[in-house]
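Each remark here refers to the structure printed beneath this line.
The first residue of the sequence shown is numbered 1, and numbering continues consecutively from there.
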Amino acid sequence: MSNVRLAKLRKQPDSTWALLQKRLISIPEPFEKLFPASVWNLIYSKSNALSTNAGYVSTSLITTTAFLAGTGSILRIGPQEMPLNIYSIFVGPPTTGKSQAIKECAITPTAAVARENDASGCVIQKCTSSGLVKTVAEQEKGFLLSAEIYDILYKLLKSDEENATGDVQVLCQMFSGEEASYRYATERVREIRSNTPFCILGATQAPFAARLVTILDQGHGLLDRFLITFPKCLRPTPQETEQAVEALTQSPLSSFDDIFLEIARLHASHASYTLSSEAHRILNSLNEEFIADVNEAITEGRIPPKTKKIDIILRVAASLHIFNHVTTQLLQQTQPTMPSEEIEQSTLLHAIDYVGWAESQKEIFVEVS
């Protein structure tokens, strides 16, 4: 960990972060384009009713869908299989509704699913290194949730650097879905099977996000696995909140719990998702560009690019595919059916836009930090 960099970051005045936040939220965000009109209207109304913003809510919904659907499904791209695991952190100033978004779109729905299935909880809100591995190994899944994710990740990564606890390796392997075993001094060997569902959803403020970036950016590739976003975090007026609450009383859906209960029900048994032929051609183009960049860098003696962008795009596309299908049917007051196995080209393009926007923000933030 770069103590010098961290010391410099801690000395920055609040005005530095306020100006950086202003710069980042000025980049047009893609959220409205990710969802059908009826689904977006629900998300927008629910965001206003919670006195938060649609960016926080959308990010939370995408990640929660990936976790709950991922408990019973995988992505299959050619011979490759991967989990739907997504690591998301959204950043915003205090009192902008970060906690409300995570509670309504992740904590409460996962608790409702656990009650419905009479299952023990797999949500992790505070943990040690061994506690994290133990929970995921025993439950065969895990969802790390926190409205202040800095404290949790800082302690895990600090322990890894000082005591070689292997937390960086654990998080990298679980993102990729690798099979692994871990041994701790006072416990038996913990086995984590391949493609174990594990997602991270958290929020923090810009000064803490800068410190996280510093400790994540140590060359081990963990930073590349995180979607770090800066949504336009303007809160609705009291009048807009009242209007949204009234509008939701007329909606077939007033709670996200119903959506996630159906997603969990539909994915109770094993399922797989893949790309349509048109979407697969787009994926091939992305892979060709990436391979060309790697080969060029090696030839010219430069450090090759390291990124998990394509994996993240595929997982976001699967999440959007599932969430939009189930929510649309519930809004039409019909019993949701299993989403199509094939993810369409349009959904993949939306995922590319979303991840591209997130990566552009992260690049600016990392550079400044």
Side-chain angles (χ1 to χ4, degrees), residues 21 24-25 28-69 86-113 123 143 145-149 199-205 227-238 240-248 251-263 316 319-320 322-324 326-328 330-331 350-351 353-355 357-358 361:
Q21 187 98 36
L24 292 169
I25 67 172
E29 57 186 25
F31 291 111
E32 184 173 356
K33 299 176 183 178
L34 303 181
F35 307 97
S38 60
V39 177
W40 172 250
N41 288 337
L42 172 68
I43 292 171
Y44 188 76
S45 295
K46 191 65 176 177
S47 303
N48 283 350
L50 293 169
S51 193
T52 183
N53 63 82
Y56 292 170
V57 168
S58 299
T59 300
S60 300
L61 294 173
I62 289 169
T63 310
T64 304
T65 300
F67 172 68
L68 290 175
I86 294 175
Y87 294 176
S88 293
I89 297 175
F90 57 85
V91 184
T95 72
T96 53
K98 298 188 294 293
S99 298
Q100 293 97 303
I102 288 179
K103 179 182 178 182
E104 188 73 16
C105 305
I107 295 174
T108 302
T110 50
V113 170
V123 170
F143 196 3
L145 283 173
S146 177
E148 187 39 80
I149 196 71
C199 291
I200 298 175
L201 173 62
T204 192
Q205 301 171 36
L227 275 170
I228 301 176
T229 58
F230 298 76
K232 192 171 184 178
C233 47
L234 304 180
R235 290 183 63 179
T237 65
E240 289 172 328
T241 296
E242 291 175 5
Q243 291 172 345
V245 171
E246 176 61 28
L248 287 172
S251 172
L253 280 172
S254 59
S255 168
F256 291 129
D257 290 8
D258 295 335
I259 300 171
F260 289 117
L261 285 167
E262 288 296 329
I263 288 174
V316 169
S319 181
L320 290 173
I322 296 163
F323 181 83
N324 286 337
V326 172
T327 306
T328 298
L330 286 171
L331 287 170
H350 292 327
D353 288 344
Y354 173 63
V355 176
W357 167 77
Q361 286 189 322

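- Every residue two or more places apart in sequence or in another chain that forms a side-chain hydrogen bond (donor to acceptor under 3.5 Å, both in side chains) with Ser51 is listed here: Arg235.
- Under a 3.5 Å cut-off, the side chain of Thr108 and the backbone N or O of Glu104 do not form any donor-acceptor pair.
- One distance of note links NZ of Lys46 with OG of Ser251; it measures 9.5 Å at 0.5 Å rounding.
- Residues forming a side-chain hydrogen bond (donor to acceptor under 3.5 Å, both in side chains) with Thr64 (at least two apart in sequence, or on another chain): none.
- Take Leu234 and apply the side chain to side chain contact (heavy atoms under 4.5 Å, CB included) test, not counting sequence neighbours, and it matches Lys232.
- Panel note: side chain Thr65, backbone Ser319; no donor-acceptor pair is recorded below 3.5 Å.
- Listed for the Thr204 side chain is no donor-acceptor partner under 3.5 Å among the backbone atoms of Glu148.
- Here the straight-line distance linking atom CG of Leu68 with atom SG of Cys199 works out to 8.5 Å at 0.5 Å rounding.
- The aromatic rings of Phe260 and Phe323 sit tilted relative to each other, their planes meeting at an angle between 30° and 60°.
- With hydrogens and angles disregarded, a donor-acceptor distance shorter than 3.5 Å links the side chain of Lys98 to the backbone of Pro93.
- Minimum interatomic distance between Phe230 and Trp357 (heavy atoms only, all atoms of both residues): O-CZ2, 4.0 Å.
- Here the CD1 atom belonging to Ile259 is positioned 9.5 Å from the OG1 atom belonging to Thr328, to the nearest 0.5 angstrom.
- The minimum heavy-atom distance between Ala244 and Asn48, with the atom names listed, is CB-CB, 3.5 Å.
- In this structure a side-chain-to-backbone donor-acceptor pair under 3.5 Å is present from Asn324 to Leu34.
- Ring-plane geometry between Trp40 and Phe35 is classed as parallel, the angle between the planes falling under 30 degrees on a 0 to 90 degree scale with a further cut at 60.
- Nearest approach of Asn53 to Pro231, heavy atoms of both residues: OD1-CB, 3.9 Å.
- Taking CG from Leu253 and OG from Ser45, the interatomic distance works out to 11.5 Å, rounded to the nearest 0.5 Å.
- Side chain of Gln361 to main chain of Leu24: a donor-acceptor pair is present (N/O by atom type, distance under 3.5 Å, no hydrogens or angles).
- Rounded to the nearest 0.5 angstrom, Leu61 CG and Cys105 SG are separated by 4.0 Å.
- For the pair Pro94 and Gln205, the tightest heavy-atom approach, listed with the atom from each and the gap, is CG-OE1, 3.5 Å.
- A side-chain N or O of Tyr56 and one of Thr96 form a donor-acceptor pair less than 3.5 Å apart.
- For the residue pair Thr59 and Ser88, no side-chain donor N or O sits within less than 3.5 Å of a side-chain acceptor on the partner.
- When all heavy atoms of Ala106 and Leu201 are compared, the closest pair comes out as CB-CD2, 3.7 Å.
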